[in-house]
Protein chains: 2
Amino acid sequence: MNVVLSIIIFLSGILYAGEPAEETEFIRSIYQTCLTKDITYSNLGLLCEKFPSRLTGSKGAAGAVKWTKKLLENYNYDRVFLQEFMGPHWERGEKEQAYFIISGERNDLSVLALGRSVSTPEAGITAKVLVVNSLDEVDSLGAENISGKIVFYNEPFAQSHIHTFSGYSESVTKRSKGPSHAARYGAVAVVIRSVGTAMDDHPHTGSLSYAEDAPQIPAAALGYQSADKLYDALQKDPDLKLTLKINSHTFPDEPSHNVIGEISGSEKRDQIILIGGHLDAWDTGQGAHDDGAGVMQSIGALRVLKMLGYIPKHTMRVVLFMNEENGLLGGKKYAEEALINRENHILAIESDAGGFVPRGFSFKGADSILMHLQSYLPYFPPYTIESIISGGGGADIGPLNKSCDTPLLGLVPDSQRYFDFHHSPADVFSAVNRRELELGTASLAAMIYLVDKYGL
Amino acid sequence: MNVVLSIIIFLSGILYAGEPAEETEFIRSIYQTCLTKDITYSNLGLLCEKFPSRLTGSKGAAGAVKWTKKLLENYNYDRVFLQEFMGPHWERGEKEQAYFIISGERNDLSVLALGRSVSTPEAGITAKVLVVNSLDEVDSLGAENISGKIVFYNEPFAQSHIHTFSGYSESVTKRSKGPSHAARYGAVAVVIRSVGTAMDDHPHTGSLSYAEDAPQIPAAALGYQSADKLYDALQKDPDLKLTLKINSHTFPDEPSHNVIGEISGSEKRDQIILIGGHLDAWDTGQGAHDDGAGVMQSIGALRVLKMLGYIPKHTMRVVLFMNEENGLLGGKKYAEEALINRENHILAIESDAGGFVPRGFSFKGADSILMHLQSYLPYFPPYTIESIISGGGGADIGPLNKSCDTPLLGLVPDSQRYFDFHHSPADVFSAVNRRELELGTASLAAMIYLVDKYGL
């Protein structure tokens, strides 16, 4: 690519100079500081290295709570505190196994139990496999075909959508409802082709939700290539038997915690701007994109404003929510407390879609507020925040909107790679690009700055 | 991230339904086909696997020419041909070495000779090191400080720009002009901190250009971490000596080739729409993003139109240029031939900025044509092509603009990760995301379709 183009593209980056100089310059300095000063990246690396496995109730989660509390304290917040609630404690136990035997040879598959899955008997479950693509197909096949079998939801991720979250919402039902749906017809276990965009062999876990009207059967996700392997083997031998071993265990609930850091407002102390992500992560990979990125971007957004000497008018709160992955109890607890304490959150912002290049924000609230926020768009450098559209804000801040009618914003990064990593062993720090991560931090900081300065 | 948001974001993807249904639907089908049918990804994988090293004059380049010609023939073009010219033949030779010795212990650095660099004597060059940050600093230090030393351009990549190409154009001068500039003051060799955005230890090569008024001295790039290592050692011992060994050799020019595939227009056969990238790549890594991606996207763009049964009115040409990296002779040869044969190119499009998420196009030509092209923007799905701005089109098609005044378009993908890989051993197929690559192909195909349908 030639230099002329580079320069012209750069020049296009200052075409928004028509905006008030002060805001434009300050926001430019936010982006430049994030891109040059490592506001977020190293902190994410440390979180991933020290506490890669952070599922609610685990030692990793407890350690991450303690460590991030200390981190916030080091950044001189006016108040750092924990919010305790009783959270679930599910453990995977010994590594799962899934295999079939062809002419004496054992073929092992890459597998992860779904979150909350019950275990199999110690010897595992060995049964014939029925391949289906949808819950409807399960209904049409009925008990006579399903009873006593392992149901294999083979449907691949819906890749045709430009937004992978659309494909995800279309494909994830087999993971969340598929097990109980098959159990109603007598299935003994369920395996699914992982809900992910990559065609590698990393299995992607994630919560299933057992229905009350169906027996709880074990369920696991297969890597894309392992799903192909099983499917191909079944084409050759439909009577082939699959063995599935899951060693999970559900323990009594444990005290769990949201981590909260607060900077008191200089003018409007009783009006809170919240920014956060979730600290818990699945017990595979390192929860780097989901959601270590959002946690460290939230901390980084306030950190860069402080570094640039900005004194917020409103009270700023960074909230690291626990238990987004398997219960959302952290978000619910926070909303309960906010209601009880009659706290006034003028806006809650969440980053929970990966540490990728920011593209915009999604919003939930009154149209008048949305239009007001959209009027900030010209302050953002080109190729960063280009749109603020109606939508949701984020799972953890959802309850705050329900209970207190708080307006919500969610950072919308580019979504192409998110489901390559999501809930899988591939979601590690090395899969995060420093510049992309820091641009997200800068976009969050710029938005907080504008809302703090102009209100809503 | 919650499902509501996913769905709303998806819905926002069909808000441009105000456009004529036919074009909108066809373009949607282009994107869906690319995202679901592997139009580009596997071909890029094969190119990277079979011919990872494709520098002009090399066996890899010759093999890639032969193989891509065959590939085009298999796609039933009306005409597939080669365009021959004499190209340079520079070889790195045996792996370079750069090291210093502290208290008897040898410290090896991660190093790559710059393209076109002369070799050192077989024993290497061992000399004291002078750290500088700019060419101006070299001027101010002068011969009395520089003579007999190895000059070390330590300036890091200009990370503060949101567009990394702006940082690149600011930082690359030390690589292109730095060696001759230091040689004028008697430097015996030059090492530079690699011109790259990552902070890993991959060295990034690239062409230097020797000035006629200066002796040709050996020059090499150090990995970011190796540059730190050398810098830190020099702080402790300014008299430390660095040994640099480069075993490069420049051979006589070799017959080299552009590869061209043509589909004759059904109505305007004498009007050509060109799409291309460059087939040559540095001899390190696999040239996956630079520019295997652009080559395979160009082939893929015509392929997907054919798959969808579209019959072009204009003649479509895919051109795989040779020698972009160290001479641009392929682009110049193509422009010469076009002028001699009085060919009428109504538009030339290049993809040479990596296989990342497409963000827009840059344009070079008359304002009236730019405005006409900008009127196509509403046809592109949101979050794909959002802008067409004045700029360059691409290195290889530049000469066509000079000689024939052909309007140029360059695909502008997101630039955050490009210089992590560019010209380094990290530019490999596994660094390419399938969806991002195919979205680029779809954007090129959609643009060609619109230009073919509505002209310019």
Side-chain angles (χ1 to χ4, degrees), chain A residues 1-13 31-33 35-36 159-170 172 197-199 350 352-354 357 359-360 362 364 381-384 386-387 389-395 398 410 412 414-418 420 433-436 439, chain B residues 1-13 31-33 35-36 159-170 172 197-199 350 352-354 357 359-360 362 364 381-384 386-387 389-395 398 410 412 414-418 420 433-436 439:
Chain A
M1 182 118 156
N2 61 17
V3 172
V4 181
L5 173 54
S6 315
I7 292 163
I8 304 285
I9 290 180
F10 170 60
L11 291 177
S12 75
Y31 278 90
Q32 289 184 347
T33 306
L35 286 171
T36 55
Q159 296 271 9
S160 63
H161 303 293
I162 284 166
H163 288 284
T164 58
F165 280 91
S166 310
Y168 181 69
S169 58
E170 199 176 302
V172 75
T197 41
M199 292 165 181
E350 179 157 10
D352 182 21
V357 171
R359 302 296 297 264
S362 59
K364 184 172 190 179
Y383 293 90
T384 58
E386 294 171 326
S387 69
I389 60 169
S390 205
V412 179
D414 187 273
S415 73
Q416 297 311 314
R417 287 172 288 147
Y418 188 59
D420 287 1
N433 174 272
R434 186 187 62 81
R435 289 181 57 92
E436 293 185 342
L439 284 175
Chain B
M1 181 118 158
N2 62 17
V3 172
V4 181
L5 173 55
S6 314
I7 291 162
I8 304 283
I9 290 178
F10 170 59
L11 292 177
S12 76
Y31 278 90
Q32 290 185 345
T33 305
L35 285 172
T36 55
Q159 296 271 8
S160 63
H161 303 294
I162 285 165
H163 288 283
T164 57
F165 280 91
S166 311
Y168 181 69
S169 58
E170 199 176 302
V172 75
T197 42
M199 293 165 181
E350 179 155 12
D352 182 22
V357 171
R359 301 298 295 267
S362 60
K364 184 172 189 179
Y383 294 90
T384 59
E386 294 171 327
S387 68
I389 59 169
S390 204
V412 179
D414 186 274
S415 72
Q416 298 310 315
R417 288 172 287 145
Y418 187 60
D420 287 1
N433 174 272
R434 186 187 62 81
R435 289 182 56 93
E436 294 186 341
L439 284 175

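Source: prediction; values computed, not measured. By convention in this document, chain letters (A, B, ...) are assigned in the order of the sequence lines, proteins followed by strands, and residues within each chain are numbered from 1.
- Contact tally against chain A (heavy-atom pairs below 4.5 Å) for Arg435(B), Gln32(B), Glu170(B): the top residue is Arg435(B).
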Passes side chain to side chain contact (heavy atoms under 4.5 Å, CB included), Asp414(B) versus Gln416(A)? Steps please.
CA-CA 12 Å; Asp414(B) 186 274; Gln416(A) 297 311 314; over 6 Å; no
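- The two residues Tyr418(B) and Gly354(B) have their closest heavy-atom pair at CE1-N, 3.5 Å.
- Between chain B and the options Glu350(A), Met199(A), Arg417(A), heavy-atom pairs under 4.5 Å are most frequent for Arg417(A).
- The greatest number of non-hydrogen atom pairs below 4.5 Å with chain B, out of Ser160(A), Ser387(A), Gly167(A), is found for Ser160(A).
- Note that OH of Tyr383(B) and CD1 of Ile162(A) are 11.5 Å apart. Values are rounded to the nearest 0.5 Å.
- For Arg434(B), the part sitting under 4.5 Å from any heavy atom of chain A is the side chain, from C-beta outward, and nothing else.
- For Glu386(B), the part lying near chain A is the side chain, with the backbone staying farther off; criterion is any non-hydrogen pair under 4.5 Å.
- Closest approach of Tyr31(B) and Pro381(B) over heavy atoms only: CE1-CD, 3.5 Å.
- Note on Val357(A), Thr384(A), Asp420(A): by heavy-atom pairs under 4.5 Å with chain B, the leading option is Val357(A).
- Heavy atoms closer than 4.5 Å to chain A are found in both the backbone and the side chain of Thr197(B).
- Rounded to the nearest 0.5 Å, atoms NE2 (His163(A)) and OG (Ser169(A)) are 11.5 Å apart.
- Summarising the geometry, atom CD belonging to Gln159(A) is positioned 7.5 Å from atom CG belonging to Leu35(B); distances are rounded to the nearest 0.5 Å.
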